[in-house]
Every structure is written in structure tokens, then in C-alpha cells.
*Asks:* 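Before anything else, here's the structure in question.
Numbers restart at 1 for each chain; the letters A, B, ... are given by sequence-line order, proteins then strands.
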Number of protein chains: 2
Amino acid sequence: MDAMLQDRLVPHMECGGCPIRHRAVCARCDSEELETLEKLKYYRRFEAGQTVIWSGDRMDFVASVISGIATLTQTLEDGRRQMVGLLLPSDFVGRPGRAIATYDVTATTDLVMCCFRRKPFEEMLIKTPHVAQRLLEMTLDELDAAREWMLLLGRKTAREKIASLLAIVARRDASLNLRETAGKASVELPLTREEMADYLGLTLETVSRQISALKRDGVIRLHGKRLIEIPDYRRLLEEAGDDSDGGIPA
Amino acid sequence: MDAMLQDRLVPHMECGGCPIRHRAVCARCDSEELETLEKLKYYRRFEAGQTVIWSGDRMDFVASVISGIATLTQTLEDGRRQMVGLLLPSDFVGRPGRAIATYDVTATTDLVMCCFRRKPFEEMLIKTPHVAQRLLEMTLDELDAAREWMLLLGRKTAREKIASLLAIVARRDASLNLRETAGKASVELPLTREEMADYLGLTLETVSRQISALKRDGVIRLHGKRLIEIPDYRRLLEEAGDDSDGGIPA
DNA sequence: GCAGCCCATTGATCTGCGTCAAGGCAGGCC
DNA sequence: GGCCTGCCTTGACGCAGATCAATGGGCTGC
């Protein structure tokens, strides 16, 4: 689209920010396909707080997150909300073959997405198998993440839930190389207490209390409300009840 | 494999029971591919109660469930368990591209699976794009189901959880045409109270109490321990807190 | 400066579900 | 028959986290 917008994109991937484009095209290069994709895509910006898509809406595009953070939520009639996805840069949004959105998608920070018109994207999927392959891998990863969350929601205590959330965001942050505070991990928490509560199946009061408790016990340090420093990542993982060592080096 | 075994297969799909074979080959027919798949596959039987695969095991096949029911579970170090998948006939097991299992797979009834050696299956995926497409669709469906479960685990009450489980199993049953008790829906519950508890993030005592309560209130009727009759499916859905009308006709 | 807003914190109390414990029932084996 | 074992039910009690409520702190706009 316009050059001004493109300039603002965080270049978190070698290939211009879009993982579909990146993986589909650059990794197994073919200029003809690149051409196709370039015609397909356009960037869209959303402001923090804006609900991008309402559940039940018609949805004529699929997209991948370029920068910013969005959430996927489901709501019961009486208003109980559960977040079912946290979309960080490089995550995929939408579902090929489905015209109606099944979740609310909300921007929690300013958000840029790289969108593909759904119909032509689906046709491209059929024509270029390795894009479908890549999408399959991404979906399988998401499924694993969802199952990890099911364990968290069903069996972990409030304290473990908070620690798990921090650990996961820290891990994702690190793997995107967004933040390396000289050895010490720290997380810019992109969520309000209420959003964290919606993610964890808790109330915002409990979230606040448990964060205070973790702080009191020296597991984390707070700088302001959102920036959380993790002096000892292993300690955090223990608190999370996770045995997997998660993949942050030091 | 042997004819005796094949004879026992529930023919729940037009094409011999295996959804991969069915959808990959018969739906968009091509005798050469059929040939390939026939060479790839073999059937395996497991007894009820047997853990088929342990998390961490090497896993050199992927499979689809032909008959019987299996569960996917995750366990924390201290023994807390959470079921993260319920595998009914036609469901897919395993993950292309991954050699190590991440969940325990347990047969809760006698189980027959149609297995494909992983490596050749992966190669076949690359060569026959529409199988990958089909697998993508199935994975996306599973992801939706997982997210539905996240809502259940995070926000529903014990009573709603039980009602939801019954509704979902009834729906799946109906869509497989396994059971039509003359207008009235009824569910052969394939799980012990403890397994239900593991699925729902509850204890077995709470499951038992809530089933008793639903029975007392006339929402369900029990015939023995496992066969559950649902006199009014809509009523059950209301109890489940679900607004979606689920797709069982009457 | 002050008002108004949003978000976070903390306290007091309540409650749904977990925990512990005591049977009950059906099937298999001696 | 009698015993055992696996599964389920029911009761009594306690606690983690929900609910209700008050306060504080930072930001924006006047």
C-alpha cells in the first residue's frame, strides 16, 4: 500500500515482516509466486483497544500479524469472557475456507497486519502446496500451544498460571529477538490485568494479588505496571509448574 | 493386514474406515495414490485401558482412529492430569514432522487404528497436496475444538462442564450416525468418572455429584452407569451455557 | 493547579469445588 | 456362597479464588 505505512513496519523477519511471504516465498524462492503474493496483500493498521473483527462478522481476508499484539476471545451470553489466543508478530489470523469469524479479534496495542483476500489466498493455497504445508505446521504449533493452555486452565493454581503466562511471553519475546536486557530477561507485558485474567481464567483481583505475591517473593521485579523483570528465569519456570526448560539460554 | 482384523472394523465411512484414505483417495480419486497408501498403511489393535504411546516416546507413525476411543493427556510432575484431546473414530493422531510424542495416548475402549509409517507419510504429504489440504482442515477443526474447551475450562461451572461434555459427545455420536434411539438422543459415555474429571478440570467426586444433580433435575436419565439418555437436547444445551444450537435435529 | 478517567491494589467476606472419608454395587474368582 | 477389586456415590469440612468494596496513582484535558 502506501510507503509511509511500510516504513513503520518492524522488520522482525529477514524478508519484510510477513511470515507467509517469508516462508512461502523467500525460503523456497520462486519469483513468480512472489509476484502473486505481492498482488494479494495489503497492510492494515488498527489502533490499540479496537476490536478488529467481531465474532459472527463476515471475514473476507486472512492475515498475519506484522507488529503489535492482538487477542482472540470468546464470550458466553452472560458476559463471561475467555481469551483463546494471543496473537504476536508472525502469528496467523483467520481460517481458509471459513467466511464467518468465530472469535472476536481485538488489538491490544497498535497493530499492523498483512492481509490477503481470502478467496485468492485459498486458490493460491491449492496451487502452491508448500504454502499449505507451512500453514499446516503453523496450525499444528498453535494446536500444541492451545493444549498447553488447556493444562494451565484446567489444573494450575492462580500463582502457577501467572508464572506460566510470564514465562511464555518471555520465551516468545526472546525468540523474536525483541528484547535482550543484557542477560536479564524482562517482559513488556502487553496486557492489562483484566486481559491477563481473561487469558488465565481468573479475576483481575486475583491476577493483581498473585503478581504482588510473586514480587514480594522476589520471583519478579516490577518497573511501572507493565515492564516486568525476571531475575531468575529458572525460578519462574519452577513457579509455573513447567518442567520443560523452555529454551531461553540464560 | 489380515482379513480377520479388517472384518472387525466399523465401516463408519464409505471407503473402509480410514478418513485419510477416504478423503485423500476416494474423494478425489486416483488409483496410483491409492496404491501408495495401501502400501503405507497397517492396522493396529489395542486393548481398553492400554496406554498406546507415552509422552516422550519415539513415535514413528501417524494414524487415524478406525474404531474405539482414545484420549490425549498431559501430566504435571506432581501428578495432576489434564486431558487435552478425545479421539473418536475418524480423528487423526500424531504429528507429521515430529518424532517424539508430546502427549500420552491411552485407549479407553478397545481401539483400532490405521497407521502410516511417518517418514513415507510425510513424503506423500509433499507429493500429494490435497492430502496436506485435508490434514490442514482437520487440524483447524481440532484447533477450534481446543478453543471451545479453553472456554469451558476457564469459565464454566462444574454443572455447565458436565452438560457441555454430554452435549459434545452426543453431537459427535449423531454426526457419525452411531446411535439414533428413535428420536431421543442417548449417549454411551465412553469414559469413567475419573476420565471425565480429567477432561473437565474437575475431581471425580464433583463429576459424580453434578451428574446426580442433572439426573435429579430431569435433564438426563441414567441407564446403568454409562448409558445416558437425553430427553431434551435443547435443555441440555441451555445447561451447558452454549448458545450454538449444535446441529442435532430433534 | 484540579477534575475526571482508567487501571491497579488491597481488604473483608462468601462460596463452589477440592479434600478426606465412609459406604455401595456389580462382576470375577476361589 | 464369600471375598476382592474397581468404580461410583454421598457426606462433612476446609480453602483457593470469586465477589464486593474502598482507595490510590498516573495520565489527559481544562
*Asks:* C:dC17, OP1 or OP2 - any side-chain N/O from B:Thr206 closer than 4.0 Å?
*Replies:*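 Indeed not, no polar side-chain atom of B:Thr206 lies that close.
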*Asks:* Charged N to carboxylate O under 4.0 angstrom, B:Arg80 versus B:Asp198?
*Replies:*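 Answer for the salt bridge query: no.
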*Asks:* What is the separation between atom CG on B:Leu204 and atom P on D:dT10, rounded to the nearest whole Å?
*Replies:*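 Result: 13 Å.
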*Asks:* Which listed nucleotide (C:dC17, C:dT10, D:dT9) is nearest to the side chain of A:Ser208?
*Replies:*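 Within the option list, the nearest is C:dT10.
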*Asks:* Please classify the nucleic acid contact of A:Gly201 as base, sugar-phosphate, or nothing, using heavy-atom distances under 4.0 Å.
*Replies:*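 Since only primed, P, OP1 and OP2 atoms lie under 4.0 Å of A:Gly201, the category is sugar-phosphate.
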*Asks:* Indicate yes or no: at least one non-hydrogen side-chain atom of B:Met113 is less than 4.5 angstrom from one of B:Val52.
*Replies:*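 Contact flag for B:Met113/B:Val52 side chains = yes.
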*Asks:* Between A:Gln210 and A:Thr206, is any pair of side-chain heavy atoms under 4.5 Å apart?
*Replies:*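 Contact flag for A:Gln210/A:Thr206 side chains = yes.
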*Asks:* Taking the minimum atom-to-atom distance to the side chain of B:Thr192, which one of D:dC8, D:dG17, C:dC17 wins?
*Replies:*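 Nearest to the side chain of B:Thr192 among the choices is D:dC8.
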*Asks:* Picking from C:dC17, C:dC7, C:dT9, which would you name as closest to the side chain of B:Thr157?
*Replies:*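 Side chain of B:Thr157 sits closest to C:dC17.
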*Asks:* Using atom CG of B:Leu227 as one end and atom C1' of D:dC7 as the other, report the distance to the nearest whole Å.
*Replies:*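 Between C1' of D:dC7 and CG of B:Leu227: 17 Å.
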*Asks:* On a plain distance test, is the side chain of A:Arg216 in donor-acceptor contact with the base of C:dT10 below 3.5 Å?
*Replies:*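 By the distance-only test, no, there is no pair.
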*Asks:* Classify the nucleic acid contact of A:Thr203 as base, sugar-phosphate or nothing, counting any heavy atom under 4.0 Å across all strands shown.
*Replies:*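 Base: the residue A:Thr203, judged by heavy atoms under 4.0 Å, touches a nucleobase.
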*Asks:* Looking for any heavy atom pair under 4.0 Å, which part of the strands does A:Ile211 touch: base, sugar-phosphate only, or nothing?
*Replies:*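 The answer is nothing, as A:Ile211 stays clear of every strand by at least 4.0 Å.
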*Asks:* Using whole Å, report how far CZ of A:Arg159 lies from P of D:dC15.
*Replies:*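 To the nearest whole Å, that distance equals 18 Å.
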*Asks:* Is the closest basic N to carboxylate O distance between B:Glu239 and B:Arg235 below 4.0 Å?
*Replies:*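 So B:Glu239 pairs with B:Arg235 through a salt bridge.
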*Asks:* Any side-chain heavy atom of B:Tyr103 within less than 4.5 Å of one from B:Thr73?
*Replies:*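 No, their side chains stay 4.5 Å or more apart.
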*Asks:* From C-beta outward on B:Arg193, which listed nucleotide comes closest to its side chain: D:dA18, D:dC8, C:dT9?
*Replies:*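 That would be D:dC8.
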*Asks:* Measure CG/A:Leu222 against P/D:dG25 and give the value in whole Å, please.
*Replies:*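 Nearest whole value for this atom pair: 16 Å.
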*Asks:* B:Arg226 near the nucleic acid: base, sugar-phosphate alone, or nothing, with a heavy-atom cut-off under 4.0 Å?
*Replies:*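 Here B:Arg226 touches the backbone only, sparing every base.
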*Asks:* Between A:Ser212 and B:Gln210, which has a closest nucleotide on DNA chain C that is more 5'?
*Replies:*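 Closer to the 5' end of DNA chain C: A:Ser212.
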*Asks:* State whether the distance check finds a donor on one side and an acceptor on the other, under 3.5 Å, for side chain A:Glu205 versus base D:dC20.
*Replies:*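 Answer yes: a donor N or O sits under 3.5 Å from an acceptor.
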*Asks:* Considering only heavy atoms from C-beta outward, does the side chain of B:Leu222 approach that of B:Ile211 to under 4.5 Å?
*Replies:*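 Answer yes - side chains close enough.
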*Asks:* Measure the distance from CZ on B:Arg155 to P on D:dG17 and round it to the nearest whole Å.
*Replies:*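 Nearest whole value for this atom pair: 13 Å.
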*Asks:* Without decimals, in angstroms, what is the distance between B:Lys161 NZ and C:dG16 P?
*Replies:*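 Going from NZ in B:Lys161 over to P in C:dG16 covers 14 Å.
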*Asks:* Rounded to the nearest Å, what distance is computed from the CD1 atom of residue A:Ile220 to the P atom of nucleotide C:dA8?
*Replies:*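 One finds 13 Å between P of C:dA8 and CD1 of A:Ile220, rounded.
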*Asks:* Heavy-atom nearest nucleotide on DNA chain D for A:Arg209 versus A:Lys225: which residue maps closer to 5'?
*Replies:*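 Nearest-nucleotide comparison on DNA chain D picks A:Arg209.
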*Asks:* Roughly how many Å is it from NZ in A:Lys156 to C1' in D:dA16, rounded to a whole number?
*Replies:*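 These atoms are roughly 17 Å apart.
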